[in-house]
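We use all heavy atoms of the structure for the numbers below, so side chains are in, but hydrogens, waters and symmetry mates are not. Counting from 1, the numbers follow the sequence of the chain as shown.
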Amino acid sequence: MLTIISPRDPGYQDRLAQLGRRTSGMPPEAEAAARNIVDQVRTQGDAAVRALTNQFERRQLESLELSP
């Protein structure tokens with residue numbers, strides 16, 4: 001469940017500081033893999049999206065646009 005904190009809540013500043021210090025808990029190799037994918041898409045654009053879709057989903061994209 002999503003916890004909502006408000007500036008009016010007691011201890012708000014402490015809770016906000018605690019949230020800012022937490023780590024994602026993501027393994028470094030997973031973060032590195034995700035960053036690599038983002039970098040590929042940034043540098044190669046649509047070609048990277050097509051290649052990565054083929055790599056991970058084993059399918060060829062006909063179009064990068066979705067129908068309404």
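One N or O on the side chain of Arg50 and one on the backbone of Leu61 form a donor-acceptor pair closer than 3.5 Å.
Residues Arg42 and Val38 form a side-chain contact, since some pair of their non-hydrogen atoms from C-beta on lies under 4.5 Å apart. Asp9 has its side chain out of reach of Arg15: every pair of non-hydrogen atoms, C-beta onward, lies at least 4.5 Å apart.
Linking ILVMFWY side-chain heavy atoms closer than 4.5 Å, directly or via other members, places Ile37 and Leu64 in a single hydrophobic cluster. In the hydrophobic cluster analysis, where Ile, Leu, Val, Met, Phe, Trp and Tyr join through side-chain heavy atoms closer than 4.5 angstrom, Phe56 is grouped together with Val41.
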Show every donor-acceptor pair shorter than 3.5 Å between a side-chain atom in residues 28-36 and any protein atom, with sequence neighbours excluded, or say none if there are none.
| unit_1 | atom_1 | unit_2 | atom_2 | d |
| --- | --- | --- | --- | --- |
| Glu31 | OE2 | Arg35 | NE | 3.0 |
| Glu31 | OE2 | Arg35 | NH2 | 2.7 |

